[in-house]
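Report on the following structure.
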Amino acid sequence: MTSRPSNLSAKLLAGYRKYDRGTQPDYQHPPYASTVKRSPAQPLIVLPTTLSEVTGPIFGFERIRPNDFDLTKQHAGEPIGERIVVTGRLLDGNARAVPHALIEIWQANAAGRYPHPRDQHNAPTDPNFTGAGRTLTDDQGRYRFVTIRPGEYPWRNHFNAWRPAHIHFSIFGPAFANPPRHADVFSGRPAARLRPHVHEHSQRGSTQAHGVDLRLGDDHSRAGTRLQVRHRAARPRRNPDGQLPQDIA
Amino acid sequence: VSLQTTSSQTVGPFFHIGLTWLFTDNLVAAGVAGDPVVLEGAITDGDGQPVIDAVVEIWQANSHGRYAHPEDTGTAPLENAWTGFGRIATDENGRFRFTTVKPGRVAAPGGGLQAPHINVTIFMRGMLRQLVTRIYFPADPANDEDPVLQSVPESRRATLVANADANALTWNVRLQGEGETVFFEY
């Protein structure tokens with residue numbers, strides 16, 4: 001059933017750069033209570049960089065519908081809430097654009113309620129807002145979503161715990177598991193600093209320095225974000241349309 | 001220019017809203033070579049409790065040992081119907097299930113071949129960075145020469161190898177504690 005590749009290339013693949021110290025959270029972070037039993041106790045084992053670590057799914061535009069980037073136009077009526085544009089670029093550590101990357105987002109409605117059976121918050125749902133979007137970055141790594149400003153909502157981590165307004169991002173970088181696969185974009189309101197799973201390092205480190213922060217502009221309509229994925233010394237080959245090169249398709 | 005990587009965050013409890021659209025539990029489309037294999041298991045936490053709000057994603061080569069990605073410049077056949085990507089959430093019992101094929105061997109660094117394996121990433125509420133691991137296949141002689149599997153202490157290696165049951169391969173994930181699954185970083 002298996003066959004051996006005929007060209008057993010002995011080339012060594014470029015590895016990933018180490019994270020800058022203090023920019024990534026620990027698995028075990030007791031102030032965020034749910035991490036305590038869901039974090040490995042054994043040390044992680046360092047993987048060599050093989051073909052399995054530098055490849056990943058390639059998504060085409062055929063899976064993305066025209067309104068997927070605009071969360072205010074996915075239903076018959078207008079959703080309640082303040083319209084915002086969330087836009088930015090996906091860059092690697094050398095500030096090079098990551099084109100044709102799939103970015104998925106999800107968020108609460110203006111009242112801080114998710115349309116999810118496990119959300120018990122007594123805020124109202126909005127029949128015209130389901131809070132999910134997706135897009136592919138363009139040739140310059142840019143992405144753009146139109147949505148409404150999400151509301152804060154309570155959670156059960158500690159007494160009177162409220163999660164600041166945020167939008168969840170899932171990002172496919174150039175490879176399957178090239179972290180970070182998930183990031184949150186925050187409102188920048190003070191509540192973000194009280195949030196135990198905003199790791200202290202990410203507050204004073206990359207959150208501030210790299211604008212992973214939903215900044216409302218003077219016109220209260222735009223939010224700028226910049227998202228970074230880890231880079232390797234060499235980048236995968238891609239055609240401008242993000243498809244497999246002809247010679248191997 | 002050198003930029004820091006964006007800080008990772010948890011997907012939280014409501015990820016279904018944003019991630020369900022891409023759920024793919026069957027990788028074996030028409031025209032894909034190889035015998036379909038059911039791969040199933042459960043995720044449990046440090047108390048042995050099922051994790052009912054996790055996402056499991058897999059990425060693998062096709063049965064010929066070729067990734068559908070331009071970085072794989074090998075000459076094993078590509079298949080138009082093969083993507084090699086799967087995503088599913090755990091159910092109310094912490095279980096997940098994929099239908100796929102056993103991948104062929106892909107190149108190892110410095111020459112040679114890796115044993116057939118499936119790359120796995122797992123994320124959930126209560127996890128601030130995704131976990132990365134691998135699934136190897138039972139009773140495959142290539143496991144003995146796989147550079148990644150052999151880099152794992154022998155006492156923990158079995159956590160990366162699926163078990164062959166009558167109708168499926170089973171591979172369970174223990175996040176913490178006795179029999180803790182091996183997780184990787186790179």
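We name chains A, B, ... by the order of the sequence lines, and we start the count at 1 in each one. Heavy atoms only: backbone and side chains are in, while hydrogens, waters and symmetry mates are out. If you're wondering where the values come from, they're calculated on a predicted model, not measured in any experiment.
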Greatest number of heavy atom pairs closer than 4.5 Å to chain B - which of [options]:
options                               : result
A:Leu47, A:Thr130, A:Ile105           : A:Leu47
A:Ala108, A:Pro117, A:Gly133, A:Gly56 : A:Gly56
A:Thr55, A:Thr35, A:Thr50             : A:Thr55
A:Gln107, A:Arg118, A:Arg63, A:Arg38  : A:Arg38
A:Gly131, A:Ala41, A:Ala132           : A:Ala41

Between [X] (side chain only) and [Y] (backbone N and O only), is there a donor and an acceptor less than 3.5 Å apart?
X        : Y        : value
B:Thr24  : B:Asn26  : no
B:Glu79  : B:Ala33  : yes
B:Asn172 : B:Ala42  : yes
B:Thr170 : B:Glu40  : no
B:Gln60  : B:Val101 : yes
B:Arg66  : B:Gly74  : yes
B:Arg129 : B:Ser8   : no

With a 4.5 Å cut-off on heavy-atom pairs, point out which of [options] contacts chain A the most.
options                              : result
B:Val152, B:Thr181, B:Ile58          : B:Ile58
B:Asn62, B:Thr133, B:Thr83, B:Val11  : B:Val11
B:Val148, B:Thr44, B:Asn119, B:Asp45 : B:Asn119

Check each atom of [X] against the heavy atoms of chain B and say whether the ones under 4.5 Å are side chain, backbone, both or neither.
X        : result
A:Pro43  : backbone
A:Pro40  : both
A:Glu104 : side chain

### Check: B:Phe123 ring centroid to B:Phe15 ring centroid under 6.0 Å
no
### Query
For the ring pair A:Tyr32 and A:Tyr27, is the centre-to-centre distance below 6.0 Å?
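Ring-ring flag for A:Tyr32/A:Tyr27: false, centres at least 6.0 Å apart.
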Using distance alone, with no hydrogens and no angle criterion, decide if [X] and [Y] have a side-chain donor and acceptor under 3.5 Å apart.
X        : Y        : answer
A:His100 : A:Thr137 : no
B:Arg157 : B:Gln150 : yes
A:Ser34  : B:Arg125 : yes

Chain A heavy atoms under 4.5 Å from [X]: which part of the residue, side chain, backbone, both or neither?
X        : value
B:Arg174 : neither
B:Val182 : side chain
B:Leu19  : both
B:Thr121 : both
B:Glu180 : side chain
B:Tyr67  : side chain

### Task
Could you label the plane-to-plane angle of the B:Phe98 and B:Phe96 rings as parallel, tilted or perpendicular, counting under 30° as parallel and over 60° as perpendicular?
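The arrangement is tilted - the two ring planes meet at 30° to 60°.
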### Query
Among residues 47-55 of chain B, which ones touch chain A with a heavy-atom distance under 4.5 Å?
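At a heavy-atom separation under 4.5 Å, chain A is reached by B:Asp47, B:Val51, B:Ile52, B:Asp53.
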### Message
Against A:Tyr114, only a single residue in A:Tyr153, A:Trp155, A:Trp106 fulfils ring pair (Phe, Tyr, Trp, His ring centres under 6.0 Å); can you say which?
### Response
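Result for ring pair (Phe, Tyr, Trp, His ring centres under 6.0 Å) with A:Tyr114: A:Tyr153.
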